[in-house]
Structures are given as C-alpha cells and as structure tokens.
A.B. asks: 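One structure coming up, written as structure tokens, with questions to follow.
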Protein chains: 2
Amino acid sequence: MDKSICPRFEKAMTILSQRWTGLIIYQLLSGPQRFCTIESGIGISGRVLSERLKDLENEGIVNRIVYPETPVRIEYSLSEKGKALEPIMKEIENWSQSWLER
Amino acid sequence: MDKSICPRFEKAMTILSQRWTGLIIYQLLSGPQRFCTIESGIGISGRVLSERLKDLENEGIVNRIVYPETPVRIEYSLSEKGKALEPIMKEIENWSQSWLER
DNA sequence: TTACTTGGTTACTTTATGTAAGTAATTATA
DNA sequence: TATAATTACTTACATAAAGTAACCAAGTAA
C-alpha cells in the first residue's frame, strides 16, 4: 500500500539521528582525537560519549587505538566508512549557512 | 582553546538529530502528505509526530495547510527551506547504499 | 441515534540522557 | 610514604524524551 522506505536508508537515519552522533563524527573529521577532547569539544557528557563511541565502533565507523603511555592515551578516529560520511556533513554545513540565521 | 563548532551547524545538527525528523523530511520530499500518511509511512507514534510537525513548522521547514473538507484534510509539505534539505538526504542515501549491508 | 473518519490530545509507562561521584592504572609531588 | 593528578571510563540516581493506548471534537453518513 505505502511504498516503504529503504531499510539501508532507514538504518543510516537511525545511526545519524541519535543525539550527538553527528557532532562526534563532525569533530573526528578534523583528525583523530582522544576522549576528553571530544567531550569538551562538543559539550557531551562522558556517560553518553562512552556509549556513543562504543556504538560507532560496533558500526565500524570509528576506530579506537590505545597508546600505553602515561597517562594512557586512547585515540578515536574515523574509519573509511566513517570518513565517507563527510559529504553529508558538508551538505549540512551548506544548508545551515544558507538557511539559518546567525 | 578548542576551536568551537559553528553555531549554525550546531543548530542544524540539533534539528536533524532529533529522532524521526530526518525520516519525516525524507517522507515529505515525495510530496505533500497528510498526518496519517506520514504516521503509517514511517511508523512514528501520533504523539511524537504531532510534536515534530509543530517544531518543523516553527523552524519554517514544514508548511501546514488545512482543507475544510469532510473529514478535514490537513496537508503537510516542505517549504523552500525544507526542500533545500534534499541534498543532505541524497548524501545519506548514497552513503547507506555504499556502506551498509542489505 | 450510533458510528466513522481525521487530526489530534491526555495520562501513564518505558527508555534515553544528564549529573555527579567513584574507579583503576600509572606517575608526580610534598 | 601518603597525597594528588591524569585519563578514560563506570555507576547510581534524577530528569527529559518517546512509546502506548485511550479519549476527544468536528463533521458527516447510515
């Protein structure tokens, strides 16, 4: 009866429309970053950031690398799959510049 | 210290990362639709759809037109500002086709 | 009069998110 | 030696958002 939405598109939307996910990806587009940098960069709580990074890692969008320095350094970065989200971010940027007031 | 995120981009993200918002806009890209069509089309609850449509109307993204027929018909459609979101949806579609499994 | 339809709203439950404190590991400082 | 500092979390609890189901008003139609 109703033409249904493509499940892959729906899944992409489910990922991207989680609160903070977009901003985390946007933040990581400027390069690998550690937990506390992302946290203070976008104003997310540690509890939720931890949860989101795990989700994004499970989706294969984010990589997590541990450097056993002192104190330990853990770097989060975008995988190829994650970097491929850049055009979406660029379009959101374009739209916001054209249609939102300062 | 940390280069902060552009407030317009952040606002766009706040709008788009609300649950259901993306799917509602995607649904309306195929043309004006009434409440119950959107509702069954994306599987959102009436309570939240009502809330979202009000938000999107306030943002100037969605237009609401009442046709006093019987029973009343109310059509929701995308404004110019709303239609301008299409490139974002296309990019999400592209990404989902390239990177998500069926 | 009762029933049907649309586009909602209301009350209540469940889930998600925010807040603040706590933890483990490792080193630096008093 | 005890205390403190740092990072990357986790835990417990409070609040906000979303899901569910019942209800409502307006306007017919049977």
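Protein chains get the first letters and strands the later ones, always in sequence-line order, with residue 1 at the start of each.
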A.B. asks: Going by atom types alone, do Tyr76(B) and Glu57(B) pair a side-chain donor with an acceptor below 3.5 Å?
C.D. replies: no
A.B. asks: For Gly46(B) and Phe35(B), work out which heavy atoms get closest and say how close.
C.D. replies: O-CZ, 3.6 Å
A.B. asks: Under the side chain to side chain contact (heavy atoms under 4.5 Å, CB included) test, which residues partner Glu101(B), sequence neighbours left out?
C.D. replies: none
A.B. asks: Evaluate side chain to side chain contact (heavy atoms under 4.5 Å, CB included) for Asp55(B) paired with Gln18(B), printing each intermediate quantity in order.
C.D. replies: CA-CA 10 Å; Asp55(B) 293 347; Gln18(B) 286 229 86; 3.8 Å; yes
A.B. asks: Just by distance, do the side chain of Trp95(B) and the backbone of Leu100(B) share a donor-acceptor pair under 3.5 Å?
C.D. replies: no
A.B. asks: Can you tell me the distance, in whole Å, between the CZ atom of Arg34(A) and the P atom of dT7(D)?
C.D. replies: 6 Å
A.B. asks: Is there a residue in residues 49-65 of chain A whose heavy atoms reach under 4.0 Å of DNA chain C, and which residues are they?
C.D. replies: Glu51(A), Arg52(A)
A.B. asks: For Gln33(A) and Gln27(A), indicate whether the former's side chain and the latter's backbone hold a donor-acceptor pair under 3.5 Å.
C.D. replies: yes
A.B. asks: Kindly determine whether Leu78(B) and Asn63(B) satisfy side chain to side chain contact (heavy atoms under 4.5 Å, CB included), including the steps that lead there.
C.D. replies: CA-CA 6 Å; Leu78(B) 292 177; Asn63(B) 295 134; over 6 Å; no
A.B. asks: Quick test of your reading of the model: are Glu93(A) and Lys90(A) salt-bridged, counting only N-O distances below 4.0 Å?
C.D. replies: yes
A.B. asks: To the closest 0.5 Å, what do you measure between CG (Leu29(A)) and CD1 (Ile24(A))?
C.D. replies: 12.5 Å
A.B. asks: Is there a side chain to side chain contact (heavy atoms under 4.5 Å, CB included) between Trp20(B) and Met13(A)? Walk through the geometry before answering.
C.D. replies: CA-CA 8 Å; Trp20(B) 298 112; Met13(A) 267 300 182; over 6 Å; no
A.B. asks: Would Leu49(A) and Val66(A) show up in the same hydrophobic cluster when neighbours are defined by side-chain heavy atoms closer than 4.5 Å?
C.D. replies: yes
A.B. asks: For Lys81(B) and Ile61(B): C-alpha separation, side-chain torsions, deciding distance, then whether side chain to side chain contact (heavy atoms under 4.5 Å, CB included) applies.
C.D. replies: CA-CA 5 Å; Lys81(B) 186 175 175 179; Ile61(B) 290 170; 4.2 Å; yes
A.B. asks: Looking at CG of Asn94(A) and CG of Leu85(B), how far apart are the two atoms once the value is rounded to the nearest 0.5 Å?
C.D. replies: 11.5 Å
A.B. asks: Shoot me the first and last contacting nucleotide of DNA chain C against chain B, ordered 5' to 3', at under 4.0 angstrom to non-hydrogen atoms.
C.D. replies: dT5(C) to dA16(C)
A.B. asks: Just by protein heavy atoms under 4.0 Å, how would nucleotides 19-30 of chain D read 5' to 3' in B, S and -?
C.D. replies: BB------SS--
A.B. asks: Could you state the atom-to-atom distance from CD of Glu75(A) to P of dT7(D) in whole Å?
C.D. replies: 14 Å
A.B. asks: Determine to 10° how strongly the helix from dT1(C)-dA30(D) to dA30(C)-dT1(D) is bent, judged from the axes of its five-pair ends.
C.D. replies: 30°
A.B. asks: Which parts of residues 6-17 of chain A get close to DNA chain C, meaning a heavy atom less than 4.0 angstrom away?
C.D. replies: none
A.B. asks: How long is the gap from CD1 on Ile88(A) to CG on Leu16(B), to the nearest 0.5 Å?
C.D. replies: 11.0 Å
A.B. asks: Between Arg52(B) and Arg19(B) (side chain of the first, backbone of the second, donor and acceptor by atom type, cut-off under 3.5 Å), is there such a pair?
C.D. replies: yes
